[in-house]
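Written below as structure tokens is the structure these notes are about.
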Amino acid sequence: MAYFDEMSPSRRVWESVGGAVLTGALTGILLGVNLWAYIAATLVSVVGGIPAGSQHRTLGGALLRGFLAGTLWGAATLIVHDVTGSTATATLPEPPLSFLPFCFTPTALVAAIVWLVASRRRASTGNGLDAATR
């Protein structure tokens with residue numbers, strides 16, 4: 001697996017912005033369609049973002065990526081849902097922007113955990129930086 005800083009600029013944009021915005025937009029649409037479809041889209045989004053933390057050389061990079069992805073995903077979900085004008089099938093916090101911490105906090109934490117696991121694995125196999133290098 002390539003490190004994020006070794007990827008082409010277009011791949012970095014897609015992996016850090018495109019995926020989060022696209023899945024967030026789809027989730028925003030499904031939020032107004034069906035609760036179970038919204039839950040499924042959220043779970044697919046989470047699973048799709050799990051490997052991102054392992055693509056960074058530093059814990060700070062993984063945390064920033066998780067924070068950015070969660071924020072973009074949550075914002076896209078809210079914006080697209082608002083644009084559709086449909087009634088939410090799940091309860092959203094009020095005001096809607098208070099939804100964002102429920103998006104970026106878990107994604108940043110998961111990115112950090114994945115980074116820790118990946119860095120320990122790389123250290124044990126002799127590939128890349130060890131867990132003490134942050």
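As the structure is a computational prediction, the values presented were derived from the model and not from experiment. Residue numbers run from 1 in the order of the sequence given.
- The list of ring-ring contact (aromatic ring centres under 6.0 Å, His included) pairs with a residue in residues 49-92, not counting sequence neighbours, reads F4-H56, F67-F104.
- Taken from OG in S119 to CG in L59, the straight-line distance is 8.0 Å, to the nearest 0.5 Å.
- Counting all heavy atoms, side chain and backbone alike, A41 lies closest to T27 at CB-OG1, 3.5 Å.
- Contact record, A20 with A69: CB-O, 3.6 Å, taken as the closest heavy-atom pair.
- Sorted by first and then second residue, the ring-ring contact (aromatic ring centres under 6.0 Å, His included) pairs involving residues 7-34 (not counting sequence neighbours) form an empty list.
- Not counting sequence neighbours, D82 has no partner by the side chain to side chain contact (heavy atoms under 4.5 Å, CB included) test.
- Residues G48 and P51 share a closest heavy-atom pair of O-CD, 3.6 Å.
- Follow the hydrophobic side-chain contacts under 4.5 Å out from L78 and you reach I39 in the same cluster.
- Every side chain to side chain donor-acceptor pair (under 3.5 Å) that D5 has, sequence neighbours left out, goes to R57.
- Here L63 contributes atom CG and T58 contributes atom OG1; the two are 8.5 Å apart, rounded to the nearest 0.5 Å.
- The side chain to side chain donor-acceptor pair (under 3.5 Å) check on S8 picks up S10, with sequence neighbours excluded.
- The heavy-atom pair separating C103 from G70 by the smallest distance is CB-O, 3.2 Å.
- Taking the side chain to side chain donor-acceptor pair (under 3.5 Å) definition, one finds that S86 meets it with T84, sequence neighbours left out.
- Hydrophobic cluster membership for V110: I50, V114 (Ile, Leu, Val, Met, Phe, Trp, Tyr linked by side-chain heavy atoms under 4.5 Å, directly or transitively).
- Remark: R12 pairs with no residue by the side chain to side chain donor-acceptor pair (under 3.5 Å) rule, at least two apart or across chains.
- The stretch residues 58-81 participates, sequence neighbours left out, in these salt bridge (charged side-chain N to carboxylate O under 4.0 Å, His left out) pairs: E15-R65.
- For A76, the side chain to side chain contact (heavy atoms under 4.5 Å, CB included) test picks out V21, with sequence neighbours left out.
- The shortest side-chain heavy-atom distance between L72 and V17 falls under the 4.5 Å cut-off.
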Can you give each donor-acceptor pair under 3.5 Å made by side-chain atoms of residues 87-102, sequence neighbours left out, with the distance rounded to 0.1 Å?
unit_1: T89; atom_1: OG1; unit_2: L31; atom_2: O; d: 2.7
unit_1: T89; atom_1: OG1; unit_2: L35; atom_2: N; d: 3.3
unit_1: S98; atom_1: OG; unit_2: P95; atom_2: O; d: 2.5

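- In this structure, V83 belongs to a hydrophobic cluster whose other members, linked by side-chain heavy atoms under 4.5 Å apart, are I79.
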